[in-house]
Amino acid sequence: MAQLIDGVQADEALRLAVRDEAQDVAPELDLSALERRTFAIISHPDAGKTTITEKLLQAAGAIREAGEVRARGDSRRARSDWMAIEQQRGISVTSSVMTFRRGNILFNLLDTPGHQDFSEDTYRTLTAVDSAIMVIDAAKGIEAQTRKLFEVCRLRNIPILTFINKVDREGLSPFELLDEIADKLQLDVSPQNWPTGMGGLFHGLYDFRTDRLQPVASDADGTMPGDDIACRGLDDPVLDRAMPPEAAAALREEAGLARAAYPQFDHDAFRAGDLTPVFFGSALKLFGVTALLDGLADHAPPPQPQPARPASVSPDEPRVSGFVFKVQANMDPNHRDRVAFVRICSGTLKRGMKLNNTRVGKAIAIHNPITFFARDRELADVAQAGDIVGIPNHGTLRVGDTLVEKGELSFTGLPDFAPEILRRARLDDPMKVKQMRRGLGDLAEEGVIRLFRPSIGSHWIVGAIGELQFEVLTSRLAQEYGVALGFEESPYGIARWVRAADPAELKRFLDSHRSVMADDQDGAPVLLIRNEWELSRYGKDWPGIELASVRERQ
């Protein structure tokens, strides 16, 4: 068996740890025969998103324990939170990709940051998926970031499965939670299982689809799922033997009411984004996770058409096409690598073929496409519509780039957002200028920050959505580039991209405002503004100039 690659230039690789050893997949298996499900997990911070990510992998057999790959020895770790700062802070700050197989389906799981300071990474990641799992804390209900991410999914008509987490703790009643989803998100809800009590009165989950009870068992580590019990329905006396009589009575009353009050699952309504199947459970204790994985396999759509110019791209098209939705630097600390994450939208990508980068009009050879399991990666001989592959490169690929085998094509809908906080970069060690420039450039390409180079002056302006991004930036520059960078207040508080329908008017504006102009990392002109009053004034004085807070990647 080929040796696991440590760097992107190695020629030997496993087919994929999860595909070969963790799941005993034969090396000669034709992966093109498998169905695809490409999905993201979205939630408010602390709702349990990363936990459920790892428990889904565990339920699929991809890992034995949360955070540990069952391949090449138990010492190899492949947590979705693989950065040092993620492990230190206990939060996700960048999206990660994990590919695993269960049955005849190949799943591409994109774990996204939950913290609002990293929402831009999440927005772009959502352009690369066909469905999403929305995780809700049973004690808190729908929170601000959950709602914000849901609206992004709605704009793209992404079907959503809902997992209400932490039912083994005290929380809102199931009816309150379902009604909140229906009222706040304007979604029909279809419960797929039902908890027997909450918190200290939790006795398990009843599955409506299979009429099976997943009871609570106990061991030295506390509550855990027991063996499933087949039932002939809610009236089956077996329920009275599996839990206290009052719990069985409450289950019959509540579950019976839920079955009558809420709609049955409707496949078409789900695919249209009008209905969400709801699964109750506890990711930490593995309650309801297998049912959620089954629901994802049964209901989530296969690869869907992707918006593009001049026309949307069907996954059935024979020509290979895809787009870059993320760039990650230094995934391997032993190599200064840069990997572009590409969603394959059509055709079958084969290792060694050439694809045209339509942004620059040049063809690039795809010598070493890789598949992911968090930071671990290995070479992929083929990939097809729905797959996420990494393409190692030296800065030639950027977020938003379209790759196509032949013809003119440009995928649309990948957004850039104007930063909400601007700081001036301060380097105390002048011997580190080269490292600083490289580090800031790499991390700007990733989308960790926005980088502006003023037309006049030497201080680079760094922009971010939230303060936590500056902490991540400082940490990564120190760990990955050996640069100690400080930040100081900028005279500017707002940055806006400058556009105009009339090229002559645009040139006149740029020439007359050179002292407050900058270029972003892609060379697009940006106006640096002190405050909202100035922004309003520019709008009145220059009606032919558009000052945009959102820019579509070209």
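Note that the coordinates shown come from a computational prediction; the quantities given were computed from them, not determined experimentally. All values below were derived from every heavy atom in this structure, side-chain atoms included, with hydrogens, water molecules and symmetry-related copies excluded.
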Next on the checklist: Would F411 and T358 count as a side-chain contact (heavy atoms from CB on, under 4.5 Å) here? Give the steps.
Outcome noted: CA-CA 10 Å; F411 287 101; T358 58; over 6 Å; no

Item to check | Side-chain heavy atoms of D46 within contact of D137, under 4.5 Å | outcome: no

Next on the checklist: For a 4.5 angstrom cut-off between non-hydrogen side-chain atoms, does S515 reach S455?
Outcome noted: no

Checklist outcome for this item: CD1 of I52 to CG of L57, rounded to nearest 0.5 Å, is 11.0 Å

Checklist entry - Between V324 and R398, does a side-chain contact (heavy atoms from CB on, under 4.5 Å) hold up when you go through it step by step? => result CA-CA 7 Å; V324 179; R398 298 181 180 179; over 6 Å; no

Checklist outcome for this item: Residues A40 and L126: closest non-hydrogen pair is CB-CD2, 3.8 Å

Checklist entry - Is there a donor-acceptor pair closer than 3.5 Å between any side-chain N or O of T474 and the backbone N or O of F470? => result yes

Next on the checklist: When you compare the side chain of I391 with that of F341, does any pair of heavy atoms fall below 4.5 Å?
Outcome noted: no

Item to check | Shortest non-hydrogen contact from L510 toward P525 | outcome: CD2-CB, 4.0 Å

Checklist entry - Residues two or more places apart in sequence or in another chain: which of them pass side chain to side chain contact (heavy atoms under 4.5 Å, CB included) with D179? => result D183, Y262

Item to check | Within the 6.0 Å centroid threshold, strictly below: F100 and F107 | outcome: yes

Checklist outcome for this item: So CZ of R438 and OH of Y481: to nearest 0.5 Å the spacing works out to 6.5 Å

Next on the checklist: Take a 6.0 Å sphere around NE2 of H513 and say whether it holds more than 12 heavy atoms from other residues, nucleotides or ligands.
Outcome noted: yes

Item to check | Check: I160 main-chain N/O paired with S131 side-chain donor or acceptor under 3.5 Å | outcome: no

Item to check | Whether R154 side chain and L185 backbone form a donor-acceptor pair below 3.5 Å | outcome: yes

Next on the checklist: Please find the pair of heavy atoms, one from A128 and one from T38, that lie closest to each other, and give the distance.
Outcome noted: O-CG2, 3.5 Å

Checklist outcome for this item: Rounding to 0.5 Å, atoms CD1 (I42) and CD1 (I158) come to a distance of 8.0 Å

Checklist entry - Side chain of Q521, backbone of L451: donor and acceptor closer than 3.5 Å? => result yes

Next on the checklist: Between R551 and D522, is the side-chain contact (heavy atoms from CB on, under 4.5 Å) condition met? List the steps.
Outcome noted: CA-CA 12 Å; R551 180 180 76 116; D522 295 322; 2.8 Å; yes

Checklist entry - Does D428 pair with R426 as a salt bridge, N-O distance under 4.0 Å? => result yes

Checklist entry - Is any side-chain heavy atom of V526 less than 4.5 Å from a side-chain heavy atom of M517? => result no

Checklist entry - Can you tell me how far the NZ atom of K184 sits from the CZ atom of R147, to the nearest 0.5 Å? => result 6.5 Å

Item to check | Residues which pass side-chain hydrogen bond (donor to acceptor under 3.5 Å, both in side chains) with R169, listed by chain and number, not counting sequence neighbours | outcome: none

Checklist entry - Of all heavy-atom pairs between S321 and V313, which one has the smallest distance, and what is that distance? => result OG-CG1, 3.6 Å

Next on the checklist: Quick one, L527 and V516 - any side-chain contact, counting heavy atoms below 4.5 Å?
Outcome noted: yes

Checklist entry - Can you list the steps and then say if I41 with L56 is a side-chain contact (heavy atoms from CB on, under 4.5 Å)? => result CA-CA 11 Å; I41 300 181; L56 283 170; 3.9 Å; yes

Checklist entry - What pairs with R537 under side-chain hydrogen bond (donor to acceptor under 3.5 Å, both in side chains), at least two apart in sequence or on another chain? => result D541

Next on the checklist: Do V189 and L275 have side chains that approach each other closer than 4.5 Å (heavy atoms only, starting at C-beta)?
Outcome noted: no

Checklist entry - What distance do N368 atom CG and N393 atom CG have between them, rounded to the nearest 0.5 Å? => result 11.5 Å

Next on the checklist: Within the supplied structure, the quantity of interest is the number of heavy atoms (other residues, nucleotides, ligands) at a distance under 6.0 Å from R437 CZ; does it exceed 12?
Outcome noted: no

Item to check | N-O pairing of K285 and D168 below 4.0 Å | outcome: yes

Item to check | side-chain hydrogen bond (donor to acceptor under 3.5 Å, both in side chains) between N357 and D401, worked out | outcome: CA-CA 7 Å; N357 181 348; D401 281 357; 3.2 Å; yes

Item to check | Sub-4.5 Å side-chain heavy-atom contact between H44 and K49 | outcome: no

Next on the checklist: Looking at R343 and D130, is there a salt bridge between them, counting it only when a charged N and a carboxylate O are closer than 4.0 Å?
Outcome noted: yes

Checklist entry - Of all heavy-atom pairs between N165 and A47, which one has the smallest distance, and what is that distance? => result ND2-O, 3.0 Å

Checklist entry - So, S43 side chain and M134 main chain: donor-acceptor pair closer than 3.5 Å or not? => result no

Checklist entry - Checking E534 side chain against R530 main chain: does a donor-acceptor pair fall under 3.5 Å? => result yes

Checklist entry - Got a second to check how far T125's OG1 is from L149's CG, nearest 0.5 Å? => result 10.5 Å

Next on the checklist: Counting C-beta onward and ignoring hydrogens, is there a side-chain heavy-atom pair between F279 and T162 closer than 4.5 Å?
Outcome noted: no

Checklist outcome for this item: Note: L355 and L403 closest approach over all heavy atoms is CD1-CB, 4.0 Å

Checklist entry - Distance under 6.0 Å and angle within 45° of the ring axis: does R424 meet both against F487? => result no

Checklist entry - Quick one: does S512's side chain have a donor or acceptor within less than 3.5 Å of a partner on R508's backbone? => result yes

Next on the checklist: Using the side-chain hydrogen bond (donor to acceptor under 3.5 Å, both in side chains) criterion, which residues pair with K140? Sequence neighbours excluded.
Outcome noted: none

Checklist entry - More than 12 non-hydrogen atoms from neighbouring residues, nucleotides or ligands closer than 6.0 Å to CD on E151, yes or no? => result yes

Item to check | Partner set under side-chain hydrogen bond (donor to acceptor under 3.5 Å, both in side chains) for R271, not counting sequence neighbours | outcome: H267

Checklist entry - Pairs in or reaching into residues 491-502: which pass side chain to side chain donor-acceptor pair (under 3.5 Å), with residues at least two apart or in two chains? => result W497-D520, R499-E546

Next on the checklist: Looking only at the aromatic ring of each residue, does the gap between the centers of F509 and W542 stay below 6.0 angstrom?
Outcome noted: yes

